[in-house]
Structure formats: structure tokens, C-alpha cells
There are 2 protein chains.
Amino acid sequence: MASALEKARKDPESMKGKILTVARRIFGEYGFHGTTTRMIALEVGIDISTLHYHWGEKGDLYEAVVLDISKDLGQELIKVEKRIHGLPLQDRLAISIDRMTEYFFAHPEISNLILFRYFGKTREEAGLDFKVPEFTADIARSMGLAKDRQNVPPDVMMKVLGMMNSIHSFVCGENFFRPMVNLDRGTYIDMAKNTLKFIHIPAFTQNTDLTGA
Amino acid sequence: MASALEKARKDPESMKGKILTVARRIFGEYGFHGTTTRMIALEVGIDISTLHYHWGEKGDLYEAVVLDISKDLGQELIKVEKRIHGLPLQDRLAISIDRMTEYFFAHPEISNLILFRYFGKTREEAGLDFKVPEFTADIARSMGLAKDRQNVPPDVMMKVLGMMNSIHSFVCGENFFRPMVNLDRGTYIDMAKNTLKFIHIPAFTQNTDLTGA
DNA sequence: ATGTGGTTCCATCAATTGATTGAATCGTAA
DNA sequence: TTACGATTCAATCAATTGATGGAACCACAT
């Protein structure tokens with residue numbers, strides 16, 4: 001049933017919505033196994049039975065969170081795509097990196113959950129995924145690096161993945177990295193953006209072909 | 001007591017050593033909370049009480065794993081540093097990326113645990129860390145991007161962090177990314193290396209200064 | 001007020017999990 | 001062989017955790 005999720009997404013003030021919001025954050029911070037239903041319920045200020053009443057078992061709530069985030073991300077990607085449509089590659093890259101970085105820093109639980117999904121195994125096999133392959137191919141296409149979303153060359157996929165992962169890394173690693181460079185949050189975000197642009201734009205615009213095996 | 005760890009490191013065939021080896025992998029795959037002492041014991045083929053006899057409580061074993069990996073990584077960095085000493089920047093970067101990528105792909109649990117350490121919260125506060133700040137500063141210095149390991153400029157720190165994280169991402173994300181690009185392991189690793197060099201070398205060698213706020 | 005459907009919480013359960021105890025086992029030196 | 005320390009395991013405990021049942025509560029139409 002996507003109806004439960006749709007209702008929660010449309011009415012964030014409802015109990016379903018409040019639980020979903022908190023669950024996104026807690027699952028993002030602690031991962032699936034590190035999160036207990038009691039942690040979420042406590043944060044919302046409700047009993048665990050209320051949580052189960054609305055979302056079923058823990059795994060179902062987690063799937064709802066993944067789906068919720070996947071939808072948000074998809075919407076954001078469409079917005080960015082419209083914004084950059086028709087611009088020269090250099091500008092498309094710069095604007096995309098700025099906006100996506102801004103977006104993920106505003107919603108760090110998205111980056112957190114995506115990285116957890118990539119890297120961490122769950123004891124019970126997880127069925128649902130983040131549509132990362134589709135999103136990645138879409139980004140490649142909207143960047144003008146591939147004609148259509150099918151048949152994106154592997155090296156382009158790798159570059160796009162590398163770029164997205166770089167953003168996620170700076171977002172998820174903020175608690176760890178920011179004390180290292182001793183910057184306030186705003187400056188850290190700006191520096192992340194500039195570093196990302198500085199690093200990744202040349203990778204897509206330079207002509208030298210080093211990617212051949 | 002570092003003596004227990006030292007013994008395990010010197011004699012990987014000992015029970016302490018076998019447990020440590022398995023623990024590295026399992027903790028890396030499932031994270032701290034996702035790993036149970038029974039999973040480790042089962043894999044080693046022993047009883048959990050034997051595991052506790054050798055390593056104390058779960059958190060102690062995890063700390064030993066972190067310390068173990070930190071030492072391995074430190075040794076590898078020293079090797080790389082010797083290898084690239086005196087070479088021009090371009091070569092230092094290329095060789096470092098090749099070797100570090102090769103190394104992490106050969107020991108993916110190191111990348112896994114580092115990323116878990118960065119990104120995931122543990123319910124009980126973890127005391128020990130990976131000496132990432134020191135390592136990062138060391139890398140910056142050995143790259144010739146800073147005079148000494150103190151006072152590495154923030155933008156250089158960010159670039160180095162970005163580079164290291166990119167490597168970890170390709171390593172940790174292999175199970176997720178490789179099916180997307182449909183490559184065998186060797187080709188995937190080669191393409192990761194080339195992509196990393198292609199992306200990061202220009203970031204350190206080009207003159208354009210985009211990092212200023 | 002009365003009933004009804006939807007919601008919430010208290011009490012509780014079963015399974016999992018980290019950890020310990022005490023008995024058995026093994027290697028080895030006397 | 002015997003004795004002793006080190007190691008291993010079966011059995012067990014207490015705490016945590018996911019999940020449920022049933023009573024209480026609430027809003028609202030009749």
C-alpha cells in the first residue's frame with residue numbers, strides 16, 4: 001500500500017507523517033540495526049504500539065522511509081533538470097552541484113540513508129532500493145553526457161557516481177570533517193560546494209581521455 | 001592493553017588472530033549494531049564464550065578492530081609516502097591513487113569500517129577514532145601541498161578528504177555499483193582507478209583558483 | 001446519551017543478544 | 001603419570017527489542 005505513505009507525505013502533521021519524519025532522521029543517523037522502534041517512538045512522544053499501529057513492523061516503516069526519500073530525491077532531480085535545461089555543460093555542472101549540495105545539506109538524512117543503503121548490509125535481505133541506477137542514468141542524460149538513459153557508457157556512469165558520492169561524503173561526514181577544518185557550518189558548506197565544483201567540473205569538460213583501459 | 005592486539009597481529013593463526021580477522025570483515029559488512037558476537041563466533045567456528053574469553057566485551061573487540069585497521073592503514077601510508085618521495089606532483093598523485101585504490105580493494109573492510117566510523121552514529125559513544133585528521137594532514141604534506149602536518153589549509157584538507165572518500169566510495173559501493181556498469185571485478189577496479197585519477201589529479205595540478213569564498 | 005470507528009497506551013510475550021559461570025579439555029612441564 | 005595453567009564449550013542469565021492484545025479514550029454522527 002502506497003496509500004499510507006501518500007497520506008503521510010501529504011499531511012506531515014498527522015501522526016503517520018510525524019512518525020515518518022522522525023524515522024527518516026533516526027534511521028539515517030543510526031542505520032537500520034542501530035535504530036530501535038522505541039527510539040523513534042520516544043522522539044515522537046508516543047508509545048511503540050502506536051507506531052506499529054500506523055506503520056506495521058519495523059521493516060515496513062524502513063521501506064516507507066526509503067520510498068519517501070526516493071520520491072523526494074526524484075522530485076528534486078526533476079527541478080534541477082528543468083533549471084539547467086539548455087545551458088552549456090559548464091553551467092549545468094556548476095548549478096547542479098550547487099543545488100544538489102545545498103539540498104543534501106538541508107536534508108542530510110537523505111545522504112545518510114543512501115550511503116547506508118550502498119555500503120551496509122542488512123541481516124534480512126532488503127527488497128526495495130533507491131532507484132540509484134535510474135537516477136544516475138538520468139543525471140548523465142540531463143548533463144548531456146549520454147543520448148538516452150539507456151546505454152550510458154560505463155566511464156560516464158562512474159564519473160556521475162563519483163560526483164554524487166563526493167557530495168554525500170561531505171554531507172554525511174560533516175560531524176567528522178568540520179572539526180578537522182574548524183569552520184562554521186555555512187563556511188563548511190560553501191567550501192564543500194567549491195571543492196566539489198573545483199574537482200568535478202574539469203573531469204567532465206577536459207578533453208584528455210585517461211579513462212580508456 | 002595493546003598487548004592482546006599485538007599478539008593477534010603477530011600471529012594471525014592464533015585464536016585471537018582468527019577472531020580479529022573475522023571480526024574485521026563482519027563489523028565492516030554489517031556495522032557495529034548490525035553485527036552480533038554470535039555471527040563472528042559462528043564464522044570462526046567457536047563458541048561465543050571463547051570469543052569473550054579472548055577479547056572481552058563486544059565494544060572492546062570493536063575497538064581492537066579499529067585500532068588494528070588504523071595501524072595497517074598507517075603502515076600502508078608510510079610505504080606509499082616512501083614510494084612517491086621526490087617525484088613530481090603529477091606522478092605522486094597518480095601513484096598514490098593507484099596504490100591506495102589497489103590496497104583498499106584488497107582490504108575492503110578497511111574502507112567499510114572507515115565509512116561506518118565517519119557516517120554512522122553508535123548508540124554508546126565511541127571513544128577511539130581512526131586518526132583520520134592526522135592521516136589526512138600527513139597525506140597533504142607528503143603530497144607537497146603543505147609545509148608541515150600542522151596548519152594544512154582547509155581547502156587542501158577538503159580536497160584530500162574528497163579524494164580519499166572517493167576511493168572508499170568505489171570500494172564500499174562495489175556490490176551496488178558494479179552491477180550497474182556490468183563489469184567484472186578487475187575491469188571495475190581499473191575503471192575506478194582511472195576515473196579517480198582523471199577526476200582528482202587536475203584538482204591538485206590546475207592553477208585556476210575556484211576555492212576562494 | 002449512545003454507539004461507532006479510529007486512535008492511543010499499558011501490560012505483556014517471545015526471540016534475540018551480550019555476557020558469565022562452571023565443568024570439561026588440552027598441552028606441557030615436573 | 002600427575003599437576004597446573006590456559007583454553008574451550010554447554011548451560012544459563014538478564015537486558016533489550018520487535019511485536020501484540022485488550023482496555024481506555026476521543027471525535028462525531030445519530
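So that the names make sense, note that chain A is the first sequence line, chain B the second, and so on, each numbered from 1. Scope of the values below: all heavy atoms of this structure, side chains included, with no hydrogens, waters or symmetry mates.
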### Task
For this output row, return yes or no: ring centroids of A:Phe177 and B:Tyr118 closer than 6.0 angstrom.
yes

### Task
Run the salt-bridge test on B:Lys71 and B:Glu76 with the 4.0 Å N-O cut-off and return the result as yes or no.
no

### Rounded distance (Å) that lies between atom P of D:dA19 and atom CH2 of A:Trp55
15 Å

### Task
Starting at atom CG of A:Leu51, determine the distance to atom C1' of C:dT7, rounded to an integer number of angstrom.
14 Å

### Protein-nucleotide distance (A:Tyr53, atom OH; D:dC25, atom C1'), rounded to Å
13 Å

### Query
Is the number of heavy atoms from other residues, nucleotides or ligands under 6.0 Å of B:Asn182 CG greater than 12?
no

### Query
Between D:dC9 atom C1' and B:Leu42 atom CG, what is the distance in whole Å?
15 Å

### Query
Whole-Å distance between D:dA27 P and A:Met15 CE?
13 Å

Side-chain donor-acceptor contacts of residues 38-47 of chain B below 3.5 Å, not counting sequence neighbours, with atom names and distances?
| from | atom 1 | to | atom 2 | distance (Å) |
| --- | --- | --- | --- | --- |
| B:Glu43 | OE2 | B:Arg25 | NH2 | 2.3 |
| B:Asp47 | OD2 | B:Ser49 | N | 2.8 |
| B:Asp47 | OD2 | B:Ser49 | OG | 2.5 |

### Task
Find the distance B:Tyr30:OH to C:dT17:P and express it as a whole number of Å.
12 Å

### Query
With a 4.0 Å cut-off, would you call B:Arg24 and B:Asp72 a salt bridge?
yes

### Query
Do the ring centers of A:His168 and A:Phe104 come within less than 6.0 Å of each other?
yes

Protein and nucleotides 18-21 of chain C: nitrogen or oxygen contacts under 3.5 angstrom:
| from | atom 1 | to | atom 2 | distance (Å) |
| --- | --- | --- | --- | --- |
| C:dG18 | OP1 | B:Thr35 | O | 3.4 |
| C:dG18 | OP1 | B:Lys58 | NZ | 2.9 |
| C:dG18 | OP2 | B:Thr37 | N | 3.0 |
| C:dG18 | OP2 | B:Thr37 | OG1 | 3.2 |
| C:dG18 | N7 | B:Arg38 | NH1 | 2.8 |
| C:dG18 | O6 | B:Arg38 | NH2 | 3.2 |
| C:dA19 | OP2 | B:His52 | NE2 | 3.3 |
| C:dA19 | OP2 | B:Lys58 | N | 2.6 |

